[in-house]
Peer 1: 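One structure is given below, represented as structure tokens, and several questions about it will come after.
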Amino acid sequence: MVATMGSSSSFLVLSLFVLSFCLTCNADQITSDARGIMINGERKILISGSVHYPRSTPEMWPDLIQKSKDGGLNTIDTYVFWDLHEPQRRQYDFTGNKDLVRFIKAIQAQGLYAVLRIGPYVCAEWTYGGFPVWLHNQPSIQLRTNNTVYMSEMQTFTTMIVDMMKKEQLFASQGGPIIISQIENEYGNVMRAYHDAGVQYINWCAQMAAALDTGVPWIMCQQDNAPQPMINTCNGYYCDQFTPNNPNSPKMWTENWSGWYKNWGGSDPHRTAEDLAFSVARFYQLGGTFQNYYMYHGGTNFGRTAGGPYITTSYDYDAPLNEYGNKNQPKWGHLRDLHLLLLSMEKALTYGDVKNVDYETLTSATIYSYQGKSSCFFGNSNADRDVTINYGGVNYTIPAWSVSILPDCSNEVYNTAKVNSQYSTFVKKGSEAENEPNSLQWTWRGETIQYITPGRFTASELLDQKTVAEDTSDYLYYMTTVDISNDDPIWGKDLTLSVNTSGHILHAFVNGEHIGNFGYGFVVSSEVDYYPLLHASSSLHCALISGYQYALLGQFEFQFRRSVTLQLGKNEITLLSATVGLTNYGPDFDMVNQGIHGPVQIIASNGSADIIKDLSNNNQWAYKAGLNGEDKKIFLGRARYNQWKSDNLPVNRSFVWYKATFDAPPGEDPVVVDLMGLGKGEAWVNGHSLGRYWPSYIARGEGCSPECDYRGPYKAEKCNTNCGNPSQRWYHVPRSFLASTDNRLVLFEEFGGNPSSVTFQTVTVGNACANAREGYTLELSCQGRAISGIKFASFGDPQGTCGKPFATGSQVFEKGTCEAADSLSIIQKLCVGKYSCSIDVSEQILGPAGCTADTKRLAVEAIC
């Protein structure tokens, strides 16, 4: 016989009770052994999710944490971002969404535990890995190695954060929520490059952290040689085979990558709910007791915080909560069911006797026995075939690449490949603000290009952009002069300006004339038209478009070449280097060149031999960090800057500031601004930076598929969408940034575009559907809106699929060969007009279906 899925209701009720107890009253002794983290001597199953406080707003934090808790998490994890808190040496900032204490207290208020990953190197696709760039300019410093200058700065910051938490009584040893802290981050991935100094450094990190006496365990992720008492942990898509370096340490997974980040020029990565659930269930099957989703909420890279380079402003990550804080269904719901079930099995998983039974290749059973009862996991890691096993005289079929969980070793309550939770489709709707015109009314002003003036910082060499700008701006001017006389060998010849640069975009001006710019994937012509990548030469590592030459994405050393005309006498050359996020990962990532390192040359064609005038280190260079508009903070849009013009609005013109006012869209749905039609730049609302925008950068046209097979190992290129469209078109405007009326939008347009199509929209659920099996309690919701209708409902053996994010067009259900006659009317009565409804998928509720199949299903599509 084949066992069928039993009712999971009792397990969900029990698990919700487990989550409801007080975490902050007496949880003051945190220890560990080989079976888990122990709180007051009790081993715990810890299910955590990363929520980065600066990637949202304080007003969003309570809702994000509540939805995390509702999703079955009992722990919230965050990095600490050094560059945000100490932007200049010994000048600290913990205001707004940088208020770390407020965030930890928000976690505590919801009754959840916290993991504080101090680092202070974080990677995180965050610019410069979270390091403040002023570190780069400290004399004799070397980052992340046995260097006394760096270690002193690191210890000062780490100690300050620990002391801040202690002062607020936030460590669990003080009755607070923080049960684990982390020092360093993924250092084992790069340690070999630092040789013996790297080993000395990691030993010092362990000693320094332990001496801070937090009363909670310290972890080091991806650190196979983590010194005691550090606990080494695993990061990756799968960590079920991970073994700690100490037999007395618990098996911990600090980063289960719930999706992947997106690049400018890249498509949208997705990781299926089935595969993510498989990785989690497999980890707990094989002895894991702590698992953290990276990310549970990804959020937004506000300002210039995105790293990479070329990480988009959206950090959605395909996480269970999307960028705006909505539930990403079915991922959120499918994982919630798994979490609650695992928590209901906590004692068996942490105290039970363990028996493993291997069946055929890549198929196994794990039995946890505790106090006379047993719980079973049946795992099938085959990527291409289902497997039927016999356990206790009963046959069980485990789909390919899945884990079945039987809390009583008899009835399957959960299988990772069988998604029963709802799917949600989000739509963007135009603003319905009263008195809002159909199009925004724009004013504008030009950006003043910088030239050599007295008082500029000068040097007789080309300097790294980090050295001069210290990341106070994406932009750095390099300015010099060239004197040409009648007897100069280059006079009268065809001239080319050649610049070798490690900046990501280069603009060049000769005697005030903009002679062209280009960057990875796009070129801007003299008419400021945009062209996608059309042709690439793998031998030259460059792309050729309309006679322009530019470096391909990822080739950080590239060459700019453009014909120029020089005049007799003094010629002024201004080069504007722009970065799009600083490198954040790799050995010695902090030493990666940024900006113009040369050579910078004027090349004269002279038959078979060229005449070269090298300007690199033979000229005096003047430097200016930042734009004129940045210096004046005109992004605040204040009236005292009266140079805004309302007539002759320029379009397709580079280096323009635009400003418009607008009313906030009514309601509570998340707000986005559609910047289609613009080139590249940065956007501000009421002085808050939304981040960089680049809708003219089109995602590559290949690599996407209308279908995604969850089976088999995941990689970031496996299940992608949005090929051939802008990598990011919509940009999040948190509600807390907005007043009800008279809001200011300011744009700095670097490449040239047309703001006439810019609109504000809201993000809401368009419809919700589900295909739930008998025995499941389906929760149907429009996430803040009432269910306005039921388009389809059938209980029996309905045909069709629900909500595949990779398929084009709407999903269509059809009635099968059997059906409960009143299922549609029953669902309508239960759900229409309500914000959510709970449906027990059973014949008792929906009526007899007359099916011979062992398992019946309810297919339903709701209109929101």
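Note that the numbering runs from 1 along the sequence shown for the chain.
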Peer 1: Assign the ring pair Tyr294 / Tyr315 to parallel, tilted or perpendicular, where the plane angle (0 to 90°) is split at 30° and 60°.
Peer 2: perpendicular
Peer 1: Name the orientation class of the two ring planes belonging to Tyr370 and Tyr351 (parallel below 30°, tilted from 30 to 60°, perpendicular beyond 60°).
Peer 2: tilted
Peer 1: Can the SG atoms of Cys818 and Cys851 be said to lie under 2.5 Å from each other?
Peer 2: yes
Peer 1: Run the salt bridge (charged side-chain N to carboxylate O under 4.0 Å, His left out) test against Asp386 and tell me which residues pass, sequence neighbours left out.
Peer 2: none
Peer 1: Does Arg773 form a side chain to side chain donor-acceptor pair (under 3.5 Å) with Asn420? I'd like the steps, not just the answer.
Peer 2: CA-CA 6 Å; Arg773 293 174 179 270; Asn420 292 291; 4.7 Å; no
Peer 1: What distance separates Ser424 OG from Asn326 CG, expressed to the nearest 0.5 Å?
Peer 2: 8.5 Å
Peer 1: Go through the structure and list residues passing salt bridge (charged side-chain N to carboxylate O under 4.0 Å, His left out) with Asp77, not counting sequence neighbours.
Peer 2: Arg117
Peer 1: Would you indicate whether the side-chain heavy atoms of Pro798 and Arg857 approach each other to under 4.5 Å?
Peer 2: yes
Peer 1: Residues two or more places apart in sequence or in another chain: which of them pass salt bridge (charged side-chain N to carboxylate O under 4.0 Å, His left out) with Glu59?
Peer 2: none
Peer 1: Look at the aromatic rings of Tyr714 and Tyr237 and report parallel, tilted or perpendicular, splitting at 30° and 60°.
Peer 2: perpendicular
Peer 1: Among residues at least two apart in sequence or on other chains, which ones pass side chain to side chain donor-acceptor pair (under 3.5 Å) with Ser374?
Peer 2: Ser369
Peer 1: Using the salt bridge (charged side-chain N to carboxylate O under 4.0 Å, His left out) rule, collect all pairs that involve residues 359-374, keeping only residues at least two apart or in two chains.
Peer 2: Glu360-Arg385
Peer 1: Tyr284: what forms a side chain to side chain donor-acceptor pair (under 3.5 Å) with it, not counting sequence neighbours?
Peer 2: none
Peer 1: Less than 4.0 Å between a side-chain N and a carboxylate O, is that true for Glu168 and Arg102?
Peer 2: no
